[in-house]
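Please read the structure below before turning to the comments.
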Amino acid sequence: MWSEVKYLFLKEVTLEWRQKYAFNGLLLFTVSTIFIIYLSLRVKNQAGLPDHLWNALFWIIILFSAINAIAKSFLQESPGRQLYYYISVHPISLIMAKMVYNSLLMVVLAVIAVVVYGTVLGYPVINTLMFASVVALASIGISSVLTMMSAIASKAGNNTVLMAILSLPLLIPILLLSIKAVKNAIDDLTWADTSDELITLAAVDCIGIALGYVLFPFLWKS
């Protein structure tokens, strides 16, 4: 199974490399959103945004970038290609490869967003290692949820709106935990003060991956 996951993951990377316009479109969306926020708030002082506003806007950017990035996971697959996957690979290999690729894509987008966002609107985070850990865990959780919802939406007429509606109730706890943990990183609290949020985020990630592992084979057979 893991050899199938490897080759399916490399297939996703190869397709993304050949179709650079898709990734460039995501970058344009993220950078444009940050630039619009900058123009709207007219941040001219060196202090930048208030910490709570910086934190909230950052996760709004990450959320909408993730929806745009991961919506195409299954929605872009043609019926012929899905049939080929159905007869060629195990469904668990397919969903795991999609989740791994989307998690990596989300981490890359988050890093780019942090660099651009911090350059334009300031970087109030003091504990960068804690901030990076939160972003990585949140990226895995968001990508696992959206990947599974993309698979469900593909069975319901490739409806992107349906994917977003189904995903929001599952994404809100991840976002709330991430906002609280990043606030601790901004305030430079200790790891012990943030351990509950980090452990809960890791548990949510495991639950999302486990649900995909258990439920996707039944969805794939329908």
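For the pair Ser93 and Phe9, the minimum side-chain heavy-atom distance is 4.5 Å or more. Side-chain contact between Met148 and Leu211 is absent, with no heavy atoms from C-beta onward closer than 4.5 Å. The closest side-chain heavy-atom distance from Leu219 to Phe216 is below 4.5 Å. You'll find the side chain of Val204 stays beyond 4.5 Å of the side chain of Pro173, heavy atoms only. Between Met96 and Ile209 the shortest side-chain heavy-atom distance falls below 4.5 Å. In this structure, Lys98 and Leu94 have side chains that are in contact, with non-hydrogen atoms separated by less than 4.5 Å. Side-chain contact between Met106 and Ile62 is present, with heavy atoms from C-beta onward closer than 4.5 Å. Side chains of Thr194 and Glu197 form a contact here, defined as non-hydrogen atoms less than 4.5 Å apart.
Under the side chain to side chain contact (heavy atoms under 4.5 Å, CB included) test applied with Ser143, the options Asn102, Leu105, Asp205 reduce to a single match, Asn102. The ring pair (Phe, Tyr, Trp, His ring centres under 6.0 Å) test with Tyr117 singles out one residue from Tyr38, Trp59, Phe35, Trp54, and that residue is Trp54.
One hydrophobic cluster holds both Ile207 and Val145 under the rule that ILVMFWY side chains link at heavy-atom gaps under 4.5 Å. Using a 4.5 Å cut-off between side-chain heavy atoms of Ile, Leu, Val, Met, Phe, Trp and Tyr, with links allowed through other members, Phe29 and Ile60 fall into the same hydrophobic cluster. Val111 and Val125 end up in different hydrophobic clusters when Ile, Leu, Val, Met, Phe, Trp and Tyr side chains are linked at under 4.5 Å. Taken together through direct or relayed side-chain contacts under 4.5 Å among Ile, Leu, Val, Met, Phe, Trp and Tyr, Ile186 and Val115 form parts of separate hydrophobic clusters. A continuous path of hydrophobic side-chain contacts links Val89 to Val13 [ILVMFWY only; heavy atoms under 4.5 Å].
Closest approach of Thr190 to Met130, counting heavy atoms only: O-CE, 3.7 Å. In terms of heavy atoms, Leu189 sits closest to Asn127 at O-ND2, 4.0 Å. Considering every non-hydrogen atom in both Met99 and Ser144, the closest pair reads CE-O, 3.7 Å. Of all heavy-atom pairs between Gly212 and Pro217, the closest is O-CD, 4.0 Å. In this structure, Ala110 and Val135 approach most closely via the heavy-atom pair CB-CG1, 3.5 Å. Between Leu109 and Ala69 the shortest heavy-atom distance is CD1-CB, 3.7 Å.
In this structure, Ile37 CD1 and Leu57 CG are separated by 4.5 Å, a value rounded to the nearest 0.5 Å. Atom-to-atom distance recorded for Ile70:CD1 and Leu26:CG is 9.5 Å, nearest 0.5 angstrom. Thr200 contributes atom OG1, which lies 12.0 Å from atom CG of Leu176 (distance to the nearest 0.5 angstrom). Atom OG1 in Thr119 sits 9.0 Å away from atom CD1 in Ile34 (nearest 0.5 Å). Residue Asp193 holds its CG atom at 10.0 Å from NZ of Lys180, rounded to the nearest 0.5 Å.
Judged purely by distance below 3.5 Å, without hydrogens or angles, the side chains of Thr30 and Ser65 pair a donor atom with an acceptor atom.
Pairs of residues two or more places apart, or lying in two chains, that qualify as ring-ring contact (aromatic ring centres under 6.0 Å, His included) and include a residue from residues 118-142 are Phe58-Phe131.
Counting only distance, with no hydrogens or angles, the side chain of Glu4 and the backbone of His90 share a donor-acceptor pair below 3.5 Å. With hydrogens and angles ignored, the 3.5 Å screen pairs no side-chain donor or acceptor of Ser150 with any backbone N or O of Leu146. Asn68 contributes a side-chain N or O that, together with a main-chain N or O of Phe64, makes up a donor-acceptor pair within less than 3.5 Å.
For Asp187, the salt bridge (Lys or Arg N to Asp or Glu O under 4.0 Å) partners at least two apart in sequence or on another chain are Lys183.
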What's the verdict on side chain to side chain contact (heavy atoms under 4.5 Å, CB included) for Ile142 and Ile174, showing C-alpha distance, side-chain angles and the deciding distance? CA-CA 7 Å; Ile142 292 172; Ile174 299 175; 4.1 Å; yes

Evaluate side chain to side chain contact (heavy atoms under 4.5 Å, CB included) for Glu12 paired with Leu8, printing each intermediate quantity in order. CA-CA 6 Å; Glu12 295 287 340; Leu8 288 169; 5.8 Å; no

Where do Ile165 and Met149 land on the side chain to side chain contact (heavy atoms under 4.5 Å, CB included) test, with the steps shown first? CA-CA 9 Å; Ile165 293 173; Met149 294 305 107; over 6 Å; no

